[in-house]
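Below: the structure, in structure tokens.
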Amino acid sequence: MNSRLTLRTAGLLTLAPLLWAGNAIVGRLVHDLVPPMTLNFLRWLLALGILLPLAGPVFGRDSGLWRHWRRYALLGLLGVGMYNALQYLALQTSTPINVTLVAAGMPVWMMATGWLFFGASVSRKQMIGAVLSIGGVLVVLARGEWHHLMELRLVAGDLFMILATIAWSLYSWLLIRTSEPAELKSNWASFLVAQVGFGVAWSGLFAAGEWAFTDAVIHWNGTLLAALVYVAIGPAIIAFRCWGAGVQQAGPAIGAFFSNLTPLFAALMSSAFLGEAPHIYHGMAFVLIVGGIVVSSRRAS
């Protein structure tokens, strides 16, 4: 892992939150059309179908994947099976802004996970960066007026999102391990398919339970089909590719600060759907979030 933050790495870590913000908007848009676990399963099943032609014989008998299947089963559970399913479940009762706000605690969870389980140290600059970055999220939430914060109410979906954020923190730290064979690690499609294959199995299991124990039903229409195409290609394939490459270059702790761009992007998208122009407070939030990224990524002199 190279902990230096280059312009290319920053671009990768910025594109992923942009696509994930769209995922939150779309997930909320179709929450009455498809159950959350089923949405997650269909999304990743479609993504797997798109990726397989690019991945070669990753699931072949002689593939190096099987010597490390436990690692990929865990990555698939945390990053594909749990995080996304819990996010869609959260959007059943919470708004995209609230969901992405809860996820803004990512830097804290990422630092705590690294310290507790991976022997990572936490610097003062990282702590200052976390305060700045989360402050930017609060500016967006408050819409530039702090009394709006008193109007917020957390619901069950917000608790699901906390669990999702913890799962994503573990997933991101596991990404930087380099024990897998070179043929998997060097081929981004194979590396992603190895995770998605197990993730589809996990999400299929969760979806089966949803249909067995709830009154699940799907309302097929053009909106749902378009949503599935977007969430399978944008937030799944492209965003996961960008996030994986960015985290391997900059490290999970720095990457976590970029995830705080998601609430800002979600607010801008919500404003766009409502026909509202961006406000000054959006610019203030951007400065704070980027400031947190810059401070946290600077090497100690």
Side-chain angles (χ1 to χ4, degrees), residues 1-2 12 16 19-20 37-88 110 113-114 116-120 163-212 228 231-252 255:
M1 180 188 66
N2 182 0
L12 292 171
L19 294 169
W20 287 330
M37 301 297 175
T38 302
L39 173 59
N40 189 52
F41 172 66
L42 293 174
R43 168 198 188 183
W44 287 107
L45 185 64
L46 179 57
L48 181 62
I50 295 171
L51 284 168
L52 273 177
L54 304 175
V58 66
F59 293 119
R61 179 176 297 182
D62 298 328
S63 172
L65 164 66
W66 302 115
R67 296 194 302 273
H68 303 270
W69 70 269
R70 290 181 180 85
R71 164 170 162 76
Y72 284 98
L74 183 57
L75 286 172
L77 172 63
L78 294 172
V80 175
M82 285 185 63
Y83 179 79
N84 295 276
L86 287 168
Q87 183 183 52
Y88 290 138
M110 200 75 79
T113 300
L116 287 173
F117 302 110
F118 296 91
L163 294 177
T165 303
I166 295 173
W168 188 258
S169 298
L170 289 168
Y171 168 81
S172 296
W173 277 104
L174 287 171
L175 276 180
I176 67 174
R177 292 195 170 185
T178 57
S179 59
E180 52 270 320
E183 65 267 22
L184 286 178
K185 193 72 171 183
S186 61
N187 186 321
W188 72 268
S190 296
F191 185 59
L192 184 54
V193 166
Q195 303 172 50
V196 173
F198 284 102
V200 167
W202 286 114
S203 58
L205 181 64
F206 297 153
E210 183 175 58
W211 282 80
L228 284 173
V231 298
I233 296 176
I237 297 175
I238 298 176
F240 265 65
R241 163 58 177 159
C242 292
W243 182 259
V247 164
Q248 287 172 8
Q249 288 295 314

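Throughout, numbering of the chain's residues begins at 1 and tracks the sequence.
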Heavy-atom pair of closest approach, residues [X] and [Y]:
X	Y	value
A239	A16	O-CB, 3.8 Å
F59	G197	CZ-CA, 3.8 Å
T113	S169	OG1-CB, 3.6 Å
F41	A207	CB-CB, 4.0 Å
S172	W243	OG-NE1, 3.2 Å
L175	G244	CD1-CA, 4.0 Å

Would you call the rings of Y171 and F240 parallel, tilted or perpendicular if under 30° counts as parallel and over 60° as perpendicular? tilted
Donor-acceptor pair, side chain of [X] and main chain of [Y], under 3.5 angstrom:
X	Y	result
S190	A55	yes
R241	L192	no
N84	A164	no

For residues [X] and [Y], determine if any side-chain heavy atom of one lies less than 4.5 Å from a side-chain heavy atom of the other.
X	Y	value
L65	F198	yes
Y88	R43	yes
W202	V80	no

Value rounded to 0.5 Å, distance of [atom1] in [X] from [atom2] in [Y]:
X	Y	atom1	atom2	result
H68	L75	NE2	CG	12.0 Å
L170	F118	CG	CZ	6.0 Å
L77	Y72	CG	OH	15.5 Å
I237	C242	CD1	SG	11.5 Å
W69	L74	CH2	CG	10.5 Å

Would F191 and W188 count as a ring-ring contact (aromatic ring centres under 6.0 Å, His included) here? Give the steps. CA-CA 5 Å; F191 185 59; W188 72 268; over 10 Å; no
Using the rule side chain to side chain contact (heavy atoms under 4.5 Å, CB included), only one of I238, L46, L228 pairs with I233; which is it? I238
Kindly indicate, with the supporting measurements, whether the criterion side-chain contact (heavy atoms from CB on, under 4.5 Å) is fulfilled by M110 and W173. CA-CA 8 Å; M110 200 75 79; W173 277 104; 3.7 Å; yes
